[in-house]
Each structure stands twice: as structure tokens, then as C-alpha cells.
Amino acid sequence: MDLKRVKDEDKLELCRKYYFGGFALLPFLWLVNSAWFFREAFLRESFEQQRQIKTYVIRSMIGTVIWIGIIVTWVTIFQLNRADWGETADRMSFIIPKGIP
């Protein structure tokens with residue numbers, strides 16, 4: 001979709017939907033919202049809905065950073081402790097690596 005062809009009111013509504021969609025455990029929507037509406041929020045000349053769009057974009061960026069931090073922390077902890085957790089970790093894994101015990 002080309003945002004240049006969309007009315008400002010519709011941009012605000014779409015930005016709002018992506019922002020609230022991120023709370024449904026879909027943090028990828030926050031990343032898309034941040035990237036897609038960054039230009040509208042910060043680089044375009046002022047318009048009526050810009051303040052609200054800017055708020056949603058900033059909050060989406062914060063949510064994205066928090067989720068990335070959570071995912072990186074979990075992956076690091078899991079990778080470092082997988083062998084120590086034994087069967088519990090095996091049940092969490094989709095692929096159980098086979099190697100020399």
C-alpha cells in the first residue's frame with residue numbers, strides 16, 4: 001500500500017490498529033508500524049493527526065525493543081542451560097540434537 005494515496009485519518013486508524021495488534025502477542029506488528037509510519041510521524045510537515053501517529057510510533061518502537069530484549073534473553077538463557085535442564089529442555093525443543101553423550 002502506498003501511504004501517499006491514503007487520507008491522514010485513515011493513516012491514523014491503520015497506525016492505531018497495528019499498535020493495538022502488537023498487544024495480541026504480535027510484536028512484529030510494532031516493528032512494521034514503526035518502520036511504516038516513521039516518515040509520517042517525524043519527517044513530514046505537520047498535519048492534524050501527526051501527534052497521535054507519533055505517539056503510536058514511539059510506543060511501537062519501545063514495545064519492539066522490549067520484545068527483542070525478552071527474546072534475546074530467553075534464547076541466551078535456553079542455549080546456555082539447555083543441557084542442564086535435562087528432560088524439561090528436551091520437551092521444549094522441537095529438534096533434539098543427537099550427539100555424543
Side-chain angles (χ1 to χ4, degrees):
M1 178 192 305
D2 186 7
L3 285 179
K4 294 176 186 173
R5 299 180 184 182
V6 179
K7 295 179 187 175
D8 291 336
E9 298 84 23
D10 295 336
K11 290 177 190 176
L12 175 60
E13 186 61 30
L14 184 61
C15 187
R16 181 183 295 130
K17 286 179 183 178
Y18 276 41
Y19 172 70
F20 286 116
F23 285 107
L25 297 178
L26 300 170
F28 182 70
L29 286 180
W30 284 334
L31 179 64
V32 170
N33 199 28
S34 300
W36 208 6
F37 288 101
F38 183 85
R39 182 169 278 125
E40 298 295 322
F42 298 104
L43 302 178
R44 189 176 150 197
E45 59 187 58
S46 294
F47 58 99
E48 185 180 342
Q49 294 81 6
Q50 188 176 30
R51 193 172 131 245
Q52 290 175 301
I53 290 176
K54 190 181 290 188
T55 300
Y56 289 131
V57 169
I58 290 171
R59 290 179 182 174
S60 294
M61 288 178 185
I62 292 169
T64 300
V65 168
I66 289 170
W67 267 99
I68 288 172
I70 290 170
I71 290 170
V72 167
T73 301
W74 166 246
V75 168
T76 302
I77 289 171
F78 186 78
Q79 292 296 322
L80 291 175
N81 297 309
R82 188 201 163 295
D84 296 334
W85 291 348
E87 185 179 341
T88 303
D90 289 344
R91 291 180 185 265
M92 284 191 261
S93 297
F94 289 110
I95 300 173
I96 299 173
K98 300 188 190 258
I100 302 171

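One-based numbering along the sequence shown.
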*Could you tell me which residues satisfy side chain to side chain contact (heavy atoms under 4.5 Å, CB included) with Lys7, sequence neighbours excluded, listed by chain and number?*
Glu9, Asp10
*Quick one: does Leu12's side chain get under 4.5 Å of Gln50's, heavy atoms only?*
no
N/O donor-acceptor pairs under 3.5 Å from side chains in residues 21-32, not counting sequence neighbours:
residue : atom : partner : partner atom : Å
Trp30   : NE1  : Tyr19   : O            : 2.8

Can you give me every donor-acceptor pair (side chain of residues 36-44, partner residue at least two apart or in another chain, under 3.5 Å) with its distance?
residue : atom : partner : partner atom : Å
Glu40   : OE1  : Lys11   : NZ           : 3.1
Glu40   : OE1  : Arg44   : NH1          : 2.9
Arg44   : NH1  : Asp8    : OD1          : 2.9
Arg44   : NH2  : Asp8    : OD1          : 3.4
Arg44   : NH2  : Asp8    : OD2          : 3.2

Please list, one pair per line, the donor and acceptor atoms closer than 3.5 Å that link side chains of residues 66-81 to other protein atoms, with sequence neighbours excluded.
residue : atom : partner : partner atom : Å
Thr73   : OG1  : Gly69   : O            : 2.7
Thr76   : OG1  : Val72   : O            : 2.8
Asn81   : ND2  : Ile77   : O            : 3.1

Using residues 56-63 as the side-chain source, report each donor-acceptor pair under 3.5 Å to any protein atom, sequence neighbours left out, with the distance given to one decimal.
residue : atom : partner : partner atom : Å
Tyr56   : OH   : Arg16   : NE           : 3.1
Ser60   : OG   : Asn33   : ND2          : 2.9
Ser60   : OG   : Tyr56   : O            : 2.8

*Set of side chain to side chain donor-acceptor pair (under 3.5 Å) partners for Glu87, sequence neighbours left out*: Arg91
